[in-house]
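Written below as structure tokens is the structure these notes are about.
All residue numbers in this chain count up from 1 along the given sequence. Model, not experiment: these values are computed from the prediction. Remember, it's 1-based here, ligands and their atoms both numbered in the order they're listed.
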Amino acid sequence: MSTVLENALLPTYPPTRVTFVGGDGVWLTDDVGRRYLDFAAGIAVVALGHKHPAPLAAAHRQLDRLWHASNLYATEPAQALAQALSAKFGGAQAFFCNSGAEANEAAIKYARKATGRPGVLALEQSFHGRTTGALAVTGQPAKRAAFEPLLPGARFVEPNDIVSLRAAAGGDVGLILLEPVLGEGGVIPLTAEFVQAAAELAAELGALLAFDEVQTGVGRTGTFFAFEQLGVSPQLATLAKGLANGLPIGCLLVADEAAGAFAPGDHGSTFGGNPVACAAALAVVATVDEALLERVRENGARLLDGLRALPGVVEARGAGLLVGAELDRPAQRVVDAALDAGLVCLTSGANVLRLAPPLVVEQAEIGSALETLREVLNG
Ligand SMILES: *Cc1c(COP(=O)(O)O)cnc(C)c1O
């Protein structure tokens with residue numbers, strides 16, 4: 001039965017033996033009733049844990065009121081969410097869409113319209129999404145190769161290498177696009193020096209600086225936006241994964257200083273700003289308060305320390321609860337064995353184990369995940 005169902009999906013993901021049917025907090029349940037500790041959170045999406053009461057109640061209330069009206073009219077949740085995100089950002093306007101890739105597409109189009117220039121500087125090993133524009137600025141040649149030619153103008157720079165950044169600069173550049181921590185490319189945190197150099201370069205060139213905070217945003221790294229820790233404020237920021245705790249949503253934020261490039265008709269999305277997704281997101285944003293962020297920072301440090309003490313871990317790095325352990329072996333084998341042992345985790349590139357538990361994870365659960373990983377790495 002389940003083989004038949006799987007064969008009805010295009011095989012864009014590797015085959016899996018596990019079917020999840022339920023979730024509660026940091027726990028998942030499969031179709032035979034087995035429980036798993038969830039240190040993946042649906043790829044850093046279920047920010048507050050499964051069935052968190054705040055977004056759950058907000059989504060239920062909105063489901064009973066209004067599902068969709070289109071962007072030809074105003075709806076209350078999208079307006080309230082835009083205001084809340086603007087306040088977090090320190091003054092911005094929001095465009096809502098349905099995914100991280102779409103949010104980055106909006107950023108690419110915004111920078112093109114604002115500057116009139118097609119050039120984009122992005123990072124080697126970066127990930128910005130699978131649509132053709134977002135893929136064109138993704139610094140992973142293997143993901144691009146079969147689909148070229150893509151959007152022209154993208155050039156790639158070594159993360160944290162200011163010389164490489166300056167060497168790639170040119171008068172055609174309208175956008176510098178950075179992940180504050182490269183989430184899919186090995187969990188590589190950018191240094192404040194590099195990010196500040198990028199901001200200076202953007203100012204020199206008259207380009208816009210954008211942070212792709214699709215994975216790092218909404219408290220994942222211990223501040224609401226990861227860029228808050230880097231001493232720079234960008235003109236553009238994109239959000240998606242954790243924003244609505246698992247309902248599909250994406251967002252481009254345009255800082256007030258860079259406002260005015262889009263006019264009616266320049267961009268749009270039928271489903272973008274969906275009232276149910278925005279109501280859930282508003283509850284998430286309200287829940288990610290300073291107390292929770294402090295817990296994210298503490299538990300992130302605890303997780304990093306624990307990983308450093310495990311066999312086979314060459315280096316552990318990250319920010320908040322976006323954590324990577326570079327291993328002395330392929331990470332996928334470890335992720336598979338951990339799943340068999342009841343722990344859900346992720347890879348990030350060939351040799352990096354990535355952990356991104358719900359932000360509400362507790363100390364005891366971190367201890368238990370580390371124990372499972374120790375057994376797996378010893379075995
Ligand atoms: C996941 C991710 C994306 C793509 O998001 P989708 O919702 O899959 O389109 C883009 N950028 C970063 C940094 C991501 O982690």
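- With ligand atoms numbered from 1 in the order given, ligand 1 contributes 10 (C), 11 (N), 12 (C), 13 (C) to contacts under 4.0 Å with heavy atoms of D212.
- The protein reaches atom 15 (O) of ligand 1 closely, with a heavy atom under 4.0 angstrom from it.
- Listed by atom number, the atoms of ligand 1 under 4.0 Å from S99 heavy atoms are 7 (O), 9 (O).
- A donor atom on one side chain and an acceptor atom on the other are found under 3.5 Å apart for H128 and D212.
- Ion pairing between R17 and D340 holds under the 4.0 Å rule for side-chain N and carboxylate O.
- Within ligand 1, the atoms closer than 4.0 Å to a non-hydrogen atom of A101 are 4 (C), 5 (O), 6 (P), 9 (O), numbered from 1 in the order shown.
- Residue contact check: Q215 has heavy atoms under 4.0 Å from atoms 15 (O) of ligand 1.
- Looking at H128, E179, R130, E102, it is E179 that brings a heavy atom closest to atom 13 (C) of ligand 1.
- Defined by atom type and a distance below 3.5 Å, a donor-acceptor pair is present between the side-chain atoms of E105 and T131.
- Those atoms of ligand 1 that come under 4.0 Å of a heavy atom in N104, given as number and element, are 10 (C), 11 (N).
- A salt bridge between K113 and D266 is present, with a side-chain N of the basic residue lying under 4.0 Å from a carboxylate O of the acidic one.
- At least one N or O atom of F127 sits closer than 3.5 Å to an N or O atom of ligand 1.
- For atom 5 (O) of ligand 1, the choice among G129, G217, P248, G100 with the nearest heavy atom turns out to be G100.
- In the vicinity of K241, heavy-atom distances shorter than 4.0 Å reach the ligand 1 atoms 1 (C), 2 (C), 3 (C), 14 (C), 15 (O).
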Report all side-chain donor-acceptor pairs from residues 308-323 shorter than 3.5 Å, counting only partners two or more places apart or in another chain.
| unit_1 | atom_1 | unit_2 | atom_2 | d |
| --- | --- | --- | --- | --- |
| R308 | NH2 | A316 | O | 3.1 |
| E315 | OE1 | R317 | NH1 | 2.7 |
| R317 | NE | G186 | O | 3.3 |
| R317 | NE | V187 | O | 2.9 |
| R317 | NH1 | E326 | OE1 | 2.8 |
| R317 | NH2 | G186 | O | 2.8 |
| R317 | NH2 | E326 | OE1 | 3.3 |

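- Side-chain polar atoms of E213 and T216 form a donor-acceptor pair below 3.5 angstrom.
- With respect to the salt-bridge test (charged N to carboxylate O, under 4.0 angstrom), the residues R297 and E290 qualify.
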